[in-house]
2 protein chains.
Amino acid sequence: MSTLTPKQQEIRDRETRILEVARRLLDDSGYLGLSMDAIAAELGYSRGTIYNHFSCKEEIIIAQAIRTMNQRTNMFRRAASTSGRPRQRLSAIGVAAELFVRLHPDHFAVEQLIRSASIWDKTSEKRRRAMHLAESQCMAIVAGIVRDGIAHGDLTLPDQFSPEDLVFCLWSVTFGAYSIIATSDGLEAHGVLDPWYAVRLNINRTLDGFQWEPLSTEFDYLAQFEQLIHDVFPEEQRQLFG
Amino acid sequence: MSTLTPKQQEIRDRETRILEVARRLLDDSGYLGLSMDAIAAELGYSRGTIYNHFSCKEEIIIAQAIRTMNQRTNMFRRAASTSGRPRQRLSAIGVAAELFVRLHPDHFAVEQLIRSASIWDKTSEKRRRAMHLAESQCMAIVAGIVRDGIAHGDLTLPDQFSPEDLVFCLWSVTFGAYSIIATSDGLEAHGVLDPWYAVRLNINRTLDGFQWEPLSTEFDYLAQFEQLIHDVFPEEQRQLFG
DNA sequence: CTCGTTTTTGACAGAATGTCAGAAATCTTC
DNA sequence: GAAGATTTCTGACATTCTGTCAAAAACGAG
């Protein structure tokens with residue numbers, strides 16, 4: 001049957017409502033504060049009903065992560081499809097990454113939580129595969145740009161160093177920086193002036209170190225930053241900065 | 001009284017034994033697998049006794065993290081006190097960081113867990129301060145080397161960019177990379193050849209990007225790497241590679 | 001050996017998870 | 001629109017863990 005009965009429609013809606021409530025609870029009081037009881041109570045259902053949708057609370061958490069990760073991949077895809085030389089397109093991905101993490105400040109914490117807190121083992125094979133898929137899609141987009149850079153003659157990688165190795169480097173620095181920013185209050189107290197700016201500069205200098213042309217001395221990537229926000233991500237920009 | 005009674009001695013010993021067992025449980029089955037029951041059973045005490053030492057399991061986890069973080073700080077201190085130009089000493093810290101994470105593969109996962117999973121709020125003020133202290137000591141060591149580099153004339157930082165910002169960059173990339181390595185099986189399947197090598201190269205190229213002399217084209221930091229392991233961390237090297 | 005002190009114990013209350021048989025709602029067919 | 005088939009929902013239940021605390025046991029000084 002192609003059209004859904006009202007009931008089926010309601011069930012589908014409920015799934016997203018569960019995720020919404022779960023997200024708020026997770027934001028407010030973390031993993032320990034997220035309980036099936038609380039979700040059920042908030043939505044006015046019994047616990048059993050929630051268990052019809054998700055077999056355990058870990059499934060809810062991973063579902064959450066997959067959703068936002070796919071949004072991220074979409075933003076990356078849009079960034080990758082801009083025009084310009086490869087390193088400029090990579091810079092657009094940097095914009096996407098930063099906007100994304102500002103829209104979903106908790107995403108990396110949740111992702112790390114899934115990977116470390118023995119949550120992984122309790123989730124379904126299906127969702128785990130969805131998560132892997134989303135992840136490798138993201139990597140593939142960035143790796144594609146690196147290959148473009150090489151094909152263009154803008155970049156030559158060292159021996160024993162694959163495009164994926166470079167993607168891993170960029171992944172590390174963003175994952176690490178955004179995790180630290182999200183979880184460590186008082187970076188300023190440690191003497192860090194503007195962590196967001198630091199990440200941008202860091203990535204630019206790293207790519208300079210790999211001699212990826214045009215170097216940041218030849219092209220002002222940080223200035224391009226503002227422009228890209230307006231041109232490629234107007235909707236996200238509005239959500240974030242009014 | 002200066003000398004401890006046998007009983008007091010036993011209590012003190014027990015504390016470290018609790019942490020040992022907790023560490024194994026944490027390694028084996030993660031945060032969810034760590035239970036006060038299991039620890040008590042394994043050591044042959046009742047739960048109440050364990051609660052005399054640690055008021056909740058979160059306290060055990062943070063105690064764990066503080067212990068290993070202090071070991072890390074010690075290794076950093078040893079690395080920082082080597083001779084050579086500032087960037088070479090920073091390279092020695094890179095060796096320390098990598099050896100450390102290979103000795104304690106779970107450390108960063110635990111650290112992230114503490115920060116994200118609402119564990120932080122359940123821990124005592126005293127331990128939280130100990131954790132902050134350990135962290136800023138580590139940062140201070142690295143920041144000191146950055147300042148040495150500037151004082152030496154080997155490094156000039158961009159405007160609006162403090163030594164601590166550079167430390168934050170290095171912290172991000174190591175934290176991110178080691179977290180990913182520890183939690184993501186099958187990096188090789190993603191096309192990453194040797195993540196450890198990638199991190200080293202990444203950091204060297206980043207510092208090149210900041211024009212920190214001597215550049216990696218002038219001095220072979222990767223070759224120095226092997227040497228430093230033997231000279232500064234023979235004990236750790238033995239533990240790791242037999 | 002005795003008595004005050006410290007330490008240990010395990011029963012208990014509370015909170016959350018995940019299950020499942022029966023109740024309720026919904027859909028199908030005539 | 002009513003009966004019967006099917007799906008969905010419910011809340012009581014068993015279980016597992018946490019954290020507490022009064023009573024019991026072990027300890028140490030004199």
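Chain letters run A, B, ... following the sequence lines, proteins first, then strands; residues in each count from 1. What's counted below: heavy atoms across the whole structure, side chains too, no hydrogens, waters or symmetry copies.
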Practice prompt. Only counting residues at least two apart or in another chain, list the ones meeting side-chain contact (heavy atoms from CB on, under 4.5 Å) with B/Ala38.
Written response: B/Leu25, B/Ser35

Fill in: Positions of residues 42-54 of chain A (non-hydrogen atom under 4.0 Å from DNA chain C), listed by number
A/Arg47, A/Tyr51

Practice prompt. Give every residue pair that meets the salt bridge (charged side-chain N to carboxylate O under 4.0 Å, His left out) criterion with at least one member in residues 92-102 of chain A, sequence neighbours excluded.
Written response: A/Glu98-A/Arg102, A/Glu98-A/Arg200

Worksheet item: To the nearest angstrom, how far is B/Glu59 atom CD from D/dT18 atom P?
Response: 14 Å

Practice prompt. Please lay out, stage by stage, how B/His53 and B/Glu15 fare under the test side-chain hydrogen bond (donor to acceptor under 3.5 Å, both in side chains).
Written response: CA-CA 7 Å; B/His53 291 270; B/Glu15 187 136 333; 3.1 Å; yes

Practice prompt. For B/Thr123, check side-chain contact (heavy atoms from CB on, under 4.5 Å) against everything at least two apart and list the hits.
Written response: B/Glu58, B/Glu59, B/Ile62, B/Ile119, B/Arg128

Fill in: Atom-pair distance (CE on A/Met36; P on D/dG11), nearest Å
17 Å

Worksheet item: For A/Lys57 and C/dG18, what is the distance between atoms NZ and C1' respectively, to the nearest whole Å?
Response: 13 Å

Practice prompt. Check the distance between C/dG18's C1' and A/Ile39's CD1 and give it to me in whole angstrom.
Written response: 14 Å

May I have the list of side-chain donor-acceptor pairs in residues 103-114 of chain A shorter than 3.5 Å, sequence neighbours left out?
| unit_1 | atom_1 | unit_2 | atom_2 | d |
| --- | --- | --- | --- | --- |
| A/His104 | NE2 | A/Gln71 | OE1 | 3.0 |
| A/His107 | ND1 | A/Thr68 | OG1 | 2.7 |
| A/His107 | NE2 | A/Glu111 | OE1 | 2.9 |
| A/Glu111 | OE2 | A/Arg115 | NH1 | 2.7 |

Worksheet item: Atom CG of A/Leu34 to atom P of C/dA16: distance rounded to whole Å?
Response: 11 Å

Practice prompt. Only counting residues at least two apart or in another chain, list the ones meeting side-chain contact (heavy atoms from CB on, under 4.5 Å) with B/Ala130.
Written response: B/Ile66

Item to complete: Would you kindly give the CD1-to-C1' distance between B/Ile119 and D/dT18, to the nearest whole Å?
Response: 14 Å

Worksheet item: In whole angstrom, what separates B/Ile60's CD1 from D/dT18's P?
Response: 9 Å

Discussion item. Under the rule for ring pair (Phe, Tyr, Trp, His ring centres under 6.0 Å), what residues qualify as partners of A/His132, not counting sequence neighbours?
Written reply: A/Trp120

Worksheet item: Quick one: ring pair (Phe, Tyr, Trp, His ring centres under 6.0 Å) partners of B/Phe233, sequence neighbours excluded?
Response: none

Worksheet item: Below 4.0 angstrom, N of the basic side chain to O of the carboxylate: do A/Arg78 and A/Glu235 qualify?
Response: no

Discussion item. Test of understanding: with ring pair (Phe, Tyr, Trp, His ring centres under 6.0 Å), list the residues that count as partners of A/Phe54, not counting sequence neighbours.
Written reply: none

Worksheet item: Contacts to DNA chain D from residues 14-25 of chain A, heavy-atom cutoff under 4.0 Å, which residues?
Response: A/Arg14

Worksheet item: Please give, in whole Å, the distance from C/dT17 C1' to A/Tyr31 OH?
Response: 11 Å

Worksheet item: So, is B/Lys122 close to the D/dG19 phosphate, meaning a side-chain N or O under 4.0 Å from OP1 or OP2?
Response: yes

Worksheet, complete the sentence: side-chain contact (heavy atoms from CB on, under 4.5 Å) filter on A/Arg24, not counting sequence neighbours, yields A/Asp28, A/Glu42

Report all interatomic pairs (protein N or O, nucleotide N or O of nucleotides 22-28 of chain D) with separations under 3.5 Å.
none

